[in-house]
Amino acid sequence: MFTKPLRYIITKENLKNAYEKINKNSSGIDDVSFMAFEKEFSHNIESIVQRVHEGLYSPEPLKKIEIDKQDSTKKRPIALSAIKDKLVQRVLYENINPYFDKTFSNASYAYRADKSTLKAINRATAYINQKNLTILKTDVENYFETIDHDILLEILNKQIKDKAIVRLLSLFMQVGGFKEQNYNEHLYGVYQGDILSPLLSNIYLNEMDQFLEKKELHFVRYADDFALFFKGKNEAYKSLKELKKFLKTLKLKLGHDKTEIVHISDGFTFLGIEFQGRNREVQEQRLQKSLTKLEKLSQNKQGFVKFIEELNTQLRGLKNYYLKILTKNSSQFLQLQEALINSLSHKVYLSKKNKTVTTKKEFKILLEQVKLSVLFDIESTKETISHIVALGYEKYLADKSYKDTSSKIAKKKNKYAKKFANDATLHIAQPGMMLGVSKNKFTLKKYGKVQNSFPSNKITRIVFEGKGFSLSTNVIKKCADNAISIDFINRDATNYASLITYKSSMTQIVNKQAKLLNTPTHLELAKAFIRGKAKNQVNYLKYLNKYHKLLDKQVDSIELSIVKMKTSKSVNELMGYEGSISASYWDAIKLTLEVPFKKRITFGAKDIVNSSLNYGYAFLYGKVQHSLVHAGLNLNISFLHSLDEKKPTLTYDMIEEFRTFVVDRTIISMLNKDEPIKLGNDGLLTKSSRQLIAKNIKEKLGSYTMWKKESKKMENIIQTQSFNLAKVVNGESPKYKAFIGKY
């Protein structure tokens, strides 16, 4: 029992010490500011002590306001206490918390010294490693707002000897608040954000913890979010039934939507971490928030030094949580590395543009202050800094080059961008080749002899064309570790298989995708894909029309259809407009081509135009598909094309907005420049023609274009759009905007 009397707790000395620790960013409903409180500090402290000791003290009603939620249009309700009440709460907390903390279960991890989210996750992992493979994942429904005051006071009464302390705690629990001029009673729950609330909430749920421990159950609790671990399902269902019955004694119940019993092979999410089998990954939406924070930080107007301070704070947070969970070379770890480099290089770009920092030497000195070792090996720090500065300058020069397209700098940049894009794709088209791994290189052998080798750290994609190849399991392992995609295409440009190296979509997002079908969002997504395709087509025709002056009719027809399709009530109606738009588009392309072309043929084409287009689409197809999987989306649930469980129809949706910009303009330009594209006697593209087309498409994917007022690689835009689609599916973004290129 806690035996210290209230008069030895609320003292002038304790209140003075507490004053240094309370939040000084807001005042309460009495409008006493910190400046005003400090002017009469001694008097105010003496008054508090006297009134508490005489039993006359009572807290002020709380001031209820709403603030904007980060990255959301919703508001977050908060309640603000008066300064004097914050002081009393702080002193009470510091005195009674050590006693109660000793009574808490070791499985309780929230709001406690030497406990953390990471330790809770590691405890959960330990239970799984001990073969407790059936998990009951749940939480308490609306917990902080449903705590019963009478039950909580009864618990406190048993543990605290001086009833004056209990009465004071009850006042803080029961005091109401004003929202504008209306007073709201506080009959249940504790105020989130109050100093005492975390402790009181742990005291209340410790009753449940003790119940579970008496049952000798394995569990981990963080606030009202918890998981139990079992050897089998029968034990889990039995315990769930008993737990529900016990919680009724506390007038609590489990959250229906968040309660599930699963096997570890199916996976579950706990404290923002996705557990599946032996794998642990950060929940995608949480990772994206971290990536967005890194991105937005570089866009703030503060100076470079202040930027580095804030960035290092974020990096420390990542180091203490996510990076103790993620393995190096995992796709999520690589995303964080890329986001950090992008954030820093963008800050270099802005600082160079604004002339706040002017030389590469200055940038390198500043960047040495960044805690890069959190995400990069110490040995590679200098190389990483040089890379960041180079990217920032590249962006700066690219920005200038778009104002002066004849700039020699822009030509050099595009020259190397195309080279890097070509080098990053390993295209194997010769039958009889064996692909293996030797140290840090991919090796191509024929009849046991090495024909060529390629550094694995420079390869991001492998394409096998035709048949008659072999590859070792070491290649597959290397690709899985380094997020390298593997695609297989036929000579006729059919993409017949892919090896997915990223984690497959989780059950949760599959359900969310499926739930969007036949909803208004389904139709809006279909419209976005068609609008993106149509806008790119009409913009490309306008570009061509500058030189040909023949396409006004087709341009007008497509623009009219784009306006009309806004009123479409169904996907079928939308596809009708898509058909007429495509017909006008290809009629216009026919007028601009200098080689024979009758009509668009997707399968079995034997003419030079369709064969070239189809082959180019096959290369784009693989890139789009891997981007969608990387974003966690299910390929078989689509919004524009008819569902087919045997086909990745979502890829067909997403590819629409990129066809014209990436493939059509590349192929048409090649044909009109009379580049050596030829058909063989079998009516298919010759080997040299396929290699030339592949080279040009790879270069296009790796080249820079202006998008949302920034110079970005095309392949990065495709990945960004895939994540934007995932945000809509997850309910994080209300609308999907298709990519529309600059021609």
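Numbering of residues begins at 1 and proceeds along the displayed sequence.
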Check: Ser343 side chain, Leu294 main-chain N or O, donor-acceptor pair, under 3.5 Å = yes
Minimum side-chain heavy-atom gap Leu15-Lys12 below 4.5 Å
no
Keeping the roles fixed (side chain from Ser108, backbone from Ser105), state whether a donor-acceptor pair exists under 3.5 Å. no
Margin query: Looking only at side-chain N and O atoms, does Gln159 offer a donor or acceptor that is under 3.5 Å from a partner on Tyr99?
Written below: yes
Shortest non-hydrogen pair, Leu375 vs Leu336, comes out as CD1-O, 3.8 Å
Answer yes or no: are there more than 12 heavy-atom neighbours, outside Tyr8 itself, under 6.0 Å from its atom OH? no
Here the pair of heavy atoms bringing Lys231 nearest to Lys131 is CD-O, 3.5 Å
- Note, Tyr321 side chain near Ile273 side chain (heavy atom, < 4.5 Å): yes
Worksheet item: In this structure, are over 12 heavy atoms from other groups packed under 6.0 Å from Glu54 atom CD?
Response: yes
Charged N to carboxylate O below 4.0 Å: is that the case for Glu274 and Arg280? no
Q.
Quick one: does any side-chain atom of Asn44 pair with a main-chain N or O of Glu40 as donor and acceptor, under 3.5 Å?
A. yes
task = For residues Val220 and Phe229, determine if any side-chain heavy atom of one lies less than 4.5 Å from a side-chain heavy atom of the other.
result = yes
Are Lys115 and Tyr109 in a cation-pi setup, meaning NZ or CZ lies under 6.0 angstrom from the ring centre and within 45 degrees of the ring axis?
yes
Asp85 and Arg90: salt bridge (Lys or Arg N to Asp or Glu O under 4.0 Å), yes or no, with the steps?
-> CA-CA 9 Å; Asp85 298 330; Arg90 170 57 65 183; over 6 Å; no
### Gln335 side chain to His630 side chain, donor-acceptor N/O pair below 3.5 angstrom
yes
Subject >> Validation row: Leu196, Leu92 side chains within 4.5 angstrom (heavy atoms) >> reply: yes
For atom CE of Met1, decide whether the heavy atoms of other residues, nucleotides or ligands shown that lie under 6.0 angstrom number more than 12.
yes
Next on the checklist: Assess the residue pair Tyr183 and Phe178 against the criterion (ring-ring contact (aromatic ring centres under 6.0 Å, His included)); give the C-alpha distance rounded to whole Å, side-chain angles, the decisive distance to 0.1 Å, and a yes or no.
Outcome noted: CA-CA 4 Å; Tyr183 183 79; Phe178 278 94; 5.1 Å; yes
Go through it in stages, so that I can follow the logic: the residues are Asn312 and Arg316, the test is side-chain contact (heavy atoms from CB on, under 4.5 Å), and I'd like the CA-CA distance, side-chain angles, deciding distance and then a yes or no. CA-CA 6 Å; Asn312 283 339; Arg316 279 192 291 271; 4.1 Å; yes
(message) Could you tell me if the side chain of Phe723 sits less than 4.5 Å from the side chain of Leu291, heavy atoms only?
(response) no
Using only atom types and a distance under 3.5 Å, with no angle test, would you say the side chain of Gln513 pairs donor to acceptor with the backbone of Ile637?
yes
Closest non-hydrogen contact found for Phe376 with Leu340 is CE1-CD2, 3.9 Å
Q.
Taking CD1 in Ile378 as the centre, count heavy atoms belonging to other residues, nucleotides or ligands within less than 6.0 Å. Is the count above 12?
A. no
To the nearest 0.5 Å, atom CG of Leu725 lies from atom NZ of Lys727 at 11.5 Å
**Item:** Backbone N/O of Glu309 and side chain of Thr313: donor-acceptor pair under 3.5 Å
**Value:** yes
>> What I want to find out is whether Lys258 reaches Asp225 closely enough, with some N-O distance under 4.0 Å, to be called a salt bridge.
In response: no
### Task
Using the side-chain contact (heavy atoms from CB on, under 4.5 Å) rule, take Asn14 and Asn95 through it: C-alpha gap first, then chi angles, then the decisive distance, then the call.
CA-CA 10 Å; Asn14 285 346; Asn95 278 267; 4.2 Å; yes
query: Using 4.0 Å as the upper bound for N to carboxylate O, is an ion pair formed by Lys253 and Glu141?
result: yes
* Any salt bridge between Asp209 and Arg221, counting N to O under 4.0 Å? -> yes
Here the pair of heavy atoms bringing Asn202 nearest to Ala110 is ND2-O, 2.9 Å
Query - Side chain proximity check, Ile135 to Ile261, heavy atoms < 4.5 angstrom - result: no
Met173 and Leu156 have their tightest heavy-atom pair at CE-CD1, 3.9 Å
Parallel, tilted or perpendicular: which fits the ring planes of Phe144 and Tyr111, with parallel below 30° and perpendicular above 60°?
perpendicular
*Verify, without hydrogens or angle tests, whether Ser239 (side chain) and Ala236 (backbone) share a donor-acceptor contact under 3.5 angstrom.*
no
inquiry  = Between Lys163 (side chain only) and Ile160 (backbone N and O only), is there a donor and an acceptor less than 3.5 Å apart?
reply    = yes
| query | Are Glu732 and Lys289 close enough for a salt bridge, meaning some N to O gap below 4.0 Å? | reply | no
*For Asn132 and Tyr127, indicate whether the former's side chain and the latter's backbone hold a donor-acceptor pair under 3.5 Å.*
yes
State, without any angle test, whether Glu284 and Gln288 hold a side-chain donor-acceptor pair at a distance under 3.5 Å. yes
Less than 4.0 Å between a side-chain N and a carboxylate O, is that true for Asp377 and Lys328? yes
Could you tell me whether the side chain of Asp224 and the main chain of Asp139 form a donor-acceptor pair under 3.5 Å?
no
query: How are the rings of Phe246 and Phe211 set to each other: parallel, tilted or perpendicular (split at 30° and 60°)?
result: parallel
Problem set entry | Student check: side-chain heavy atoms of Tyr222 and Thr117 closer than 4.5 Å | yes
Please confirm whether the ring centroid of Phe41 lies under 6.0 Å from the ring centroid of Tyr19.
yes
Given salt bridge (Lys or Arg N to Asp or Glu O under 4.0 Å), test Arg7 with Asp162 step by step and report yes or no. CA-CA 10 Å; Arg7 66 180 179 277; Asp162 188 345; 5.6 Å; no
**Request:** Assert yes or no for the condition that the ring centre distance of Phe268 to Phe275 is strictly below 6.0 Å.
**Result:** yes
NZ of Lys248 to CG of Leu243, rounded to nearest 0.5 Å, is 11.5 Å
key: Verdict with supporting geometry, Tyr188 and Thr146, side-chain contact (heavy atoms from CB on, under 4.5 Å)   = CA-CA 5 Å; Tyr188 299 95; Thr146 56; 5.7 Å; no
| query | Can you check whether Val32's main-chain N or O pairs, donor with acceptor, with Asp30's side chain at less than 3.5 Å? | reply | yes
Leu199 and Phe104: side-chain contact (heavy atoms from CB on, under 4.5 Å), yes or no, with the steps? CA-CA 11 Å; Leu199 174 59; Phe104 291 158; 4.0 Å; yes
Check your understanding: Are Phe172 and Val88 close enough that some pair of their side-chain heavy atoms sits under 4.5 Å apart?
Key -> yes
> With distance as the sole criterion, is a donor-acceptor pair present between the side chains of Lys512 and Asn730 under 3.5 Å?
Replying inline: yes
Value for NZ (Lys477) from CG (Asn482), rounded to nearest 0.5 Å, stands at 9.0 Å
*asked:* Counting neighbours of CG on Asn234 that are heavy atoms of other residues, nucleotides or ligands and sit closer than 6.0 Å, is the number greater than 12?
replied: no
Scanning both residues in full, the closest heavy-atom pair of Asp148 with Lys251 reads OD2-CD, 3.3 Å
Donor-acceptor pair between Gln276 and Glu281 side chains, under 3.5 angstrom = no
